[in-house]
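Inspection log for the structure reproduced underneath, given as structure tokens.
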Amino acid sequence: QVHLVESGGGLVQAGDSLRLSCAASERSFRSYAVGWFRQAQGEEREFVASISWSGGSTNYADSLKGRFTISRDKADNTVFLQMNSLKPEDTAVYYCAAVLRDPFDTRATIPSRPDYWGQGTQVTVSS
């Protein structure tokens, strides 16, 4: 069992930056690929970015490349999402999700049904 806790959301202005965190207390979190997803009000949940368990592979939604960066600190059991040049259309609840990977599986992809979801953190960008 892995308990994911997101933090770092808030209300910012367009052009500002935020860094979201997805933390887990379980040591086994280091064996999970982790992804960030977001869901705007009235919209479907969409993929944002993901990172392999090793941190060596990353994936991004094409529309967010260059503005968002995913990283992980294995010592602190935390995955980060650095979001720069935020736009009002980035307003959403941001969720992290984790899927267990074998040691030789370095994929950053997250399946449609990951093993665990966090509770989400609200990001609101005002114009």
Side-chain angles (χ1 to χ4, degrees):
Q1 185 78 15
V2 173
H3 183 215
L4 304 178
V5 179
E6 301 100 330
S7 61
L11 173 62
V12 297
Q13 293 186 331
D16 287 349
S17 297
L18 275 177
R19 189 176 78 160
L20 305 184
S21 299
C22 174
S25 59
E26 296 82 0
R27 184 181 178 90
S28 61
F29 184 59
R30 299 176 184 183
S31 300
Y32 285 73
V34 177
W36 285 97
F37 296 77
R38 67 185 185 184
Q39 187 168 20
Q41 192 170 7
E43 303 290 331
E44 296 286 324
R45 187 175 297 182
E46 66 174 352
F47 170 75
V48 174
S50 61
I51 190 166
S52 61
W53 69 264
S54 67
S57 299
T58 57
N59 287 334
Y60 293 93
D62 288 342
S63 62
L64 299 176
K65 287 180 181 177
R67 290 198 301 124
F68 288 16
T69 303
I70 191 170
S71 62
R72 71 188 303 161
D73 184 331
K74 297 177 74 174
D76 286 343
N77 255 18
T78 304
V79 172
F80 302 101
L81 183 68
Q82 178 68 42
M83 306 186 295
N84 298 329
S85 303
L86 283 163
K87 305 175 182 180
E89 52 263 43
D90 294 318
T91 295
V93 178
Y94 285 71
Y95 300 89
C96 65
V99 59
L100 182 64
R101 294 293 187 199
D102 291 328
F104 55 84
D105 187 345
T106 58
R107 290 178 295 168
T109 53
I110 305 297
S112 59
R113 293 184 179 182
D115 296 327
Y116 300 103
W117 286 99
Q119 83 289 347
T121 185
Q122 176 71 47
V123 172
T124 304
V125 185
S126 63
S127 58

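Count residues from 1 along the sequence.
Cluster membership for Tyr116 and Ile110, using ILVMFWY side-chain heavy atoms within less than 4.5 angstrom, is not shared. Using a 4.5 Å cut-off between side-chain heavy atoms of Ile, Leu, Val, Met, Phe, Trp and Tyr, with links allowed through other members, Leu64 and Val34 fall into the same hydrophobic cluster. Taking hydrophobic clusters as Ile, Leu, Val, Met, Phe, Trp and Tyr residues chained together by side-chain heavy-atom distances below 4.5 Å, Leu20 shares a cluster with Val125. Linking Ile, Leu, Val, Met, Phe, Trp and Tyr whenever their side-chain heavy atoms come within less than 4.5 Å leaves Tyr95 and Val48 in two separate clusters. Hydrophobic clustering (ILVMFWY, side-chain heavy atoms < 4.5 Å, transitive): Leu81 and Phe47 are in distinct clusters.
Residue Ser31 holds its OG atom at 6.0 Å from CG of Leu100, rounded to the nearest 0.5 Å. Atom CG of residue Asn77 and atom CZ of residue Arg27 lie 8.5 Å apart, to the nearest 0.5 angstrom. The OG1 atom of Thr69 sits 6.5 Å away from the CG atom of Asn84 when rounded to the nearest 0.5 Å. Expressed to the nearest 0.5 Å, how far SG of Cys22 lies from CD1 of Ile51 amounts to 11.5 Å. Atom NZ of Lys87 is separated from atom OG of Ser127 by 14.0 Å, given to the nearest 0.5 angstrom. Taken to the nearest 0.5 Å, the CD atom of Glu43 stands 12.0 Å off from the OG1 atom of Thr91.
A donor-acceptor pair under 3.5 Å links the side-chain atoms of Asp105 to the main chain of Arg107, judged by distance alone. In this structure, Glu46 contributes its side chain and Arg38 its backbone to no donor-acceptor pair below 3.5 Å. In this structure, Arg101 contributes its side chain and Ala33 its backbone to no donor-acceptor pair below 3.5 Å. Side chain of Tyr60 to backbone of Ile70: a donor-acceptor contact under 3.5 angstrom is found. Under the 3.5 Å distance criterion, the side-chain polar atoms of Asp16 are left unmatched by any main-chain donor or acceptor of Leu86. A donor-acceptor pair is defined here as one N or O able to donate and one able to accept, closer than 3.5 Å; no such pair exists between the side chain of Asp73 and the backbone of Thr78. A side-chain donor-acceptor contact under 3.5 Å links Glu26 to the backbone of His3.
Judged as a side-chain hydrogen bond (donor to acceptor under 3.5 Å, both in side chains), and not counting sequence neighbours, Glu89 has no contacts.
Annotation for Ala108 and Ser52: closest pair CB-N, 3.7 Å, computed over non-hydrogen atoms. Of all heavy-atom pairs spanning Phe37 and Ala97, the tightest one is CE1-CB, 4.0 Å. Residues Ala40 and Ala92 share a closest heavy-atom pair of N-CB, 3.7 Å. Taking both residues in full, the closest heavy atoms of Pro111 and Pro114 are given as O-CD, 3.4 Å, listed atom of the first, atom of the second, then distance.
The cationic atom of Arg72 (NZ for Lys, CZ for Arg) does not lie both less than 6.0 Å from the six-membered ring centre of Tyr32 and within 45° of the ring axis. Arg19 forms a cation-pi arrangement with Phe80, by the criterion of a distance under 6.0 Å to the ring centre and an angle within 45° of the ring axis.
Counting heavy atoms from C-beta on, the side chains of Glu6 and Tyr94 never come closer than 4.5 Å. Between Cys96 and Val79 the shortest side-chain heavy-atom distance does not fall below 4.5 Å. With a 4.5 Å cut-off on side-chain heavy atoms, Leu4 and Phe29 count as touching.
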Exercise for the section: Verify side chain to side chain contact (heavy atoms under 4.5 Å, CB included) between Thr121 and Ser7, making sure each step is shown before the conclusion. Expected result: CA-CA 6 Å; Thr121 185; Ser7 61; 5.7 Å; no

Problem - Working for side chain to side chain contact (heavy atoms under 4.5 Å, CB included), residues Met83 and Asp90 - result: CA-CA 9 Å; Met83 306 186 295; Asp90 294 318; over 6 Å; no

Exercise for the section: Start with the C-alpha gap between Val2 and Asp115, add the side-chain angles, then the distance that decides, and say whether side chain to side chain contact (heavy atoms under 4.5 Å, CB included) holds. Expected result: CA-CA 9 Å; Val2 173; Asp115 296 327; over 6 Å; no

